[in-house]
Amino acid sequence: MWQPTRVEQDRLKKVAELEALGMDLYPARVQRTHTTAEALAAYQAAEAANAENPEEITVTVCGRIRRANIKGKVAFMHIEDEHGRLQLFFRINDVGAEAYEPIKQKLIEVDDFVQASGTMMRTKAGEISVRVQSYQLLAKSLSPLPVVKQRVDDDGNVIEYGEFSDVEMRYRQRYADLAVNRDVREVFKKRSKIIRAMRNFLDDEGFLEVETPILQPIYGGAAARPFTTFHNELQQELYLRISFELYLKRLLVGGYDAVYEIGRDFRNEGVSYKHNPEFTMMEFYKAYIDYKGVMEIVEQMTAFIAQEVNGSLKINYQGEDIDLTPPWPRITLRDAIIQYSGIDYMEYRTSEDLFEALRDIGDEIEPGLTWGRMIDHLLGKYVEPQLRQPTFIMDYPRDISPFAKQVTGDDFHVERFEWFIAGMEMGNAFTELNDPRDQEARFLEMKKLYADEDDEATPLDEDYLRAMRYGMPPSGGFGMGVDRFVMLLTNQRSIRDVLLYPHMRPEG
RNA sequence: GGCCCCGUAGCUCAGUUGGCAGAGCACCUGACUUUUAAUCAGAGUGUCGUAGGUUCGAGUCCUACCGGGGUCACCA
């Protein structure tokens with residue numbers, strides 16, 4: 001239930017006064033001939049053509065009032081639309097005493113949406129403005145937005161005085177955050193550009209964009225706990241997908257050479273600066289390449305997107321210079337772990353021996369993990385934080401990679417790589433396992449290894465095996481966390497800053 | 001889930017040893033026909049996150065809870 005604050009009560013009084021004047025506070029019909037940016041550009045063009053006496057330009061513009069300076073019988077307001085700001089110049093002589101009164105009385109004020117018609121001009125101070133002949137209220141604002149005063153300096157930089165920075169309120173009321181913080185709007189515009197560039201790249205490479213089920217009877221393709229839900233009519237237990245992998249590879253069986261999907265994944269895990277329960281994933285699968293072919297595509301795609309969006313392959317992330325120019329270093333997981341922890345896990349080929357080796361270097365790892373998981377621990381703790389520049393870490397332990405093809409002549413490793421930048425995992429890829437007999441054995445192996453963990457930790461997907469038995473061409477597959485990639489290119493510290501509506505606990 | 005930090009006006013914040021609840025901006029009243037962080041003259045508008053406790057007296061000290069941030073754990 002809304003409890004109006006004192007300021008909101010003031011605004012409700014103004015609402016009553018405006019309605020007493022017969023004004024429609026929320027009209028359905030609007031006119032607009034120019035955005036703020038178009039109106040400015042039109043006047044600048046007219047000035048360029050004839051500086052002394054520019055052609056008279058008539059405009060009707062719309063926007064939210066962001067600043068109002070009522071100076072007796074004249075008033076200045078800045079309206080803002082998505083494209084910028086524009087000053088409106090009201091004179092009582094121009095709009096008439098009756099129409100001027102609501103402005104003078106501040107019945108129409110900051111935060112309201114207005115439409116204004118007039119001719120373009122420059123004020124004495126030099127600011128391009130609309131000399132308003134008539135105006136109309138488009139939407140009355142009942143609740144004040146946080147106050148952030150702005151000034152544009154001589155170089156065109158926007159300087160803000162005061163700020164709206166309460167993190168919780170910014171996430172819970174993203175609309176207010178966006179309305180007030182221009183740089184936040186820019187982040188999400190850039191996010192859109194990044195995803196568009198990704199699509200353009202993949203489309204041009206001959207990939208087909210597809211959509212696969214989010215509600216799945218059996219989840220799989222990644223290491224994560226799922227969300228569960230229920231279909232009432234069918235009396236069916238369902239999972240929200242944790243990856244697209246198994247459905248996309250079925251499409252290679254179906255005859256497509258290359259497919260990709262960009263969409264939402266759901267993982268029932270902790271929340272952190274790089275984890276949100278739902279997040280955007282991009283996965284692609286391409287026939288007739290292996291994981292090294294995938295590396296080349298990933299390098300080229302990253303370079304293409306960075307060039308499209310930032311105009312450069314060099315970025316600065318949180319004060320750190322990062323160069324995305326391909327090719328990137330390719331280091332085996334074994335070598336990387338030797339380099340950063342001093343342990344060569346191939347000298348400890350049982351989980352018991354490796355556990356002792358970890359304890360010997362002072363690691364407080366808990367007992368009972370599988371050999372592969374201990375190696376994953378070594379990667380996460382000693383290697384990952386050190387990988388600042390783009391790096392491929394390749395050849396992973398078999399028991400944590402059930403969908404990757406074994407490295408030829410090596411019983412311990414599979415052809416898998418993970419891609420890291422700025423100490424964060426960006427992506428994960430395999431030479432895809434397409435031997436249905438081996439795949440079935442892996443499913444059973446997983447079941448045995450992790451049987452005592454959460455129920456159904458590794459469900460065996462019979463339909464996926466059926467598809468594999470028809471035959472899938474040798475393929476390379478890739479998945480990446482789009483949000484983390486957006487963080488990188490927009491220089492945002494937290495995944496919450498690249499999600500419009502990050503997950504929050506319910507409001508008290 | 002463990003540990004640490006934070007929660008005071010619409011926004012950003014201060015608040016001493018426990019002693020009348022504060023500032024800037026916003027809002028409100030008034031002046032002003034080219035301002036632009038407008039200016040000038042007035043006025044403080046509050047469930048100090050919530051509930052208990054200690055005390056003559058709590059924004060301040062104690063306990064629990066709620067919410068947020070950080071970090072560790074979890075994330076085959």
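Every chain is numbered from 1, with letters handed out A, B, ... down the list of sequences.
Residue contacts for A/I70: at a heavy-atom cut-off of 4.0 Å it reaches a base atom on one of the strands shown. At a threshold of 4.0 angstrom between heavy atoms, the contacts of A/Q150 are confined to the sugar-phosphate backbone, with no base atom among them. In this structure, A/F164 reaches the sugar-phosphate backbone alone: every heavy-atom distance under 4.0 Å involves primed, P, OP1 or OP2 atoms, never a base. Here A/I92 lies in heavy-atom contact (under 4.0 Å) with a base. Using a 4.0 Å heavy-atom distance criterion, A/M169 is classed as a sugar-phosphate-only contact. Using a 4.0 Å heavy-atom cutoff across all strands shown, A/K13 reaches no nucleic acid atom at all.
Contact check for A/L333 versus A/P397: side-chain heavy atoms found under the 4.5 Å cut-off. Here the side chains of A/M480 and A/M426 are not in contact, with every heavy-atom distance at 4.5 Å or above. No side-chain heavy atom of A/I65 sits less than 4.5 Å from a side-chain heavy atom of A/D111.
Spacing between atom CG of A/D497 and atom P of B/G68 amounts to 15 Å, rounded to whole angstrom units. At whole-Å resolution of the value, CZ in A/F89 and P in B/U34 are 7 Å apart. The interatomic distance linking A/E109 (CD) with B/C28 (C1') rounds to 11 Å, in whole Å. Atom-to-atom, CG of A/L369 to P of B/C75 comes out at 8 Å; the value is rounded to the nearest Å. For the pair A/R91 CZ and B/U35 C1', the interatomic distance rounds to 14 Å; values are reported in whole Å. If you take CG of A/D94 and C1' of B/U35, they are 15 Å apart, rounded to a whole angstrom. If you take NZ of A/K73 and P of B/A31, they are 9 Å apart, rounded to a whole angstrom. Put simply, CG on A/N69 is 15 Å from P on B/A31, counting in whole angstrom units.
Along RNA chain B, the nucleotide nearest to A/I400 and the one nearest to A/M504 differ in position, and the one closer to the 5' end is contacted by A/M504. Of the two residues near RNA chain B, A/N93 and A/G221, the one whose nearest nucleotide lies more 5' is A/N93.
For A/M121, whose side chain is taken as the heavy atoms from C-beta onward, the closest listed nucleotide among B/U34, B/U36, B/G70 is B/U34. Which of B/C32, B/C27, B/U35 sits closest to the side chain of A/K104 comes down to B/C32. Taking the side chain of A/K106 as heavy atoms from C-beta on, and the options B/C32, B/C28, B/U36, the nearest nucleotide is B/C28. Between B/U35, B/U33, B/C27, one nucleotide has an atom nearer to the side chain of A/D10 than all others, and that is B/C27. Of the candidate nucleotides B/U33, B/A37, B/C27, B/A37 has the atom nearest to the side chain of A/Y161. Ranking B/C28, B/C75, B/G10 by closeness to the A/V147 side chain, first place goes to B/G10. In this structure, of B/G69, B/C74, B/C25, it is B/G69 that holds the atom nearest to the side chain of A/Y171. Closest to the side chain of A/E366, from the set B/G70, B/U33, B/C74, is B/C74. Closest contact between the side chain of A/V74 and the listed nucleotides B/G68, B/A38, B/U34 involves B/U34. Comparing B/U33, B/U35, B/G69 by their closest approach to the side chain of A/V167 singles out B/G69.
Nucleotides B/A9 and B/U60, compared at atom P, are 15 Å apart to the nearest Å. Nucleotides B/C20 and B/U34, compared at atom P, are 48 Å apart to the nearest Å. For the C1' atoms, the distance from B/G57 to B/A73 is 44 Å, rounded to whole Å. When the C1' atom is compared between B/G2 and B/U8, the two are found 29 Å apart, to the nearest whole Å. Only the P atoms considered, B/G19 is 22 Å distant from B/U45, to the nearest whole Å. Look at the C1' atom in both B/U12 and B/A37: the space between them is 15 Å, to the nearest Å. For the C1' atom pair drawn from B/C3 and B/C56, the interatomic distance equals 38 Å after rounding to whole Å. Between B/G70 and B/G53, the two P atoms lie 35 Å apart (nearest whole Å).
Look at A/R496 and you'll find a side-chain N or O under 4.0 angstrom from OP1 or OP2 of B/G70. Between A/S165 and the phosphate of B/U12, there is a side-chain N or O to OP1/OP2 separation shorter than 4.0 Å. OP1 and OP2 of B/C11 both lie 4.0 Å or more from every side-chain N or O belonging to A/K149.
Defined by atom type and a distance below 3.5 Å, a donor-acceptor pair is present between the side-chain atoms of A/R85 and A/Q150. A/N276 and A/R496 are not linked by any side-chain donor-acceptor pair at a separation below 3.5 angstrom, with hydrogens and angles left out of the test.
Using the Watson-Crick or G-U wobble rule with both distances under 3.5 Å, B/A37 pairs with nothing in any strand shown. Across all strands shown, B/G22 forms a Watson-Crick or G-U wobble pair, both distances under 3.5 Å, with B/C13. The nucleotide B/C61 finds its pairing partner in B/G53, both defining distances of the Watson-Crick or G-U wobble pair being shorter than 3.5 Å. Under the Watson-Crick and G-U wobble criteria, each requiring two contacts below 3.5 Å, nucleotide B/C3 is paired to B/G70.
Stacking of A/R416 on the aromatic ring of A/Y396 is recorded, both the 6.0 Å distance cut-off and the 45° axial limit being met.
Under the 30°/60° scheme for interplanar angles, the aromatic rings of A/Y345 and A/W371 are found to stand perpendicular.
Residue A/E163 places no side-chain atom within donor-acceptor reach of the base of B/U12, judged by atom type and a 3.5 Å distance cut-off alone. Side-chain to base pairing of A/T123 with B/U35: one donor and one acceptor N or O lie within less than 3.5 Å of each other. Remark: the A/R67 side chain and the B/U35 base include a donor-acceptor N/O pair separated by less than 3.5 Å. Taking only distance into account, the side chain of A/R6 meets the base of B/C27 through a donor-acceptor pair shorter than 3.5 Å. Between the base of B/U34 and the side chain of A/E127 there is no donor-acceptor pair shorter than 3.5 Å.
The side chain to side chain contact (heavy atoms under 4.5 Å, CB included) test with A/L433 singles out one residue from A/K249, A/R442, A/Q406, and that residue is A/R442.
Counting only distance, with no hydrogens or angles, the side chain of A/E8 and the backbone of A/T5 share a donor-acceptor pair below 3.5 Å.
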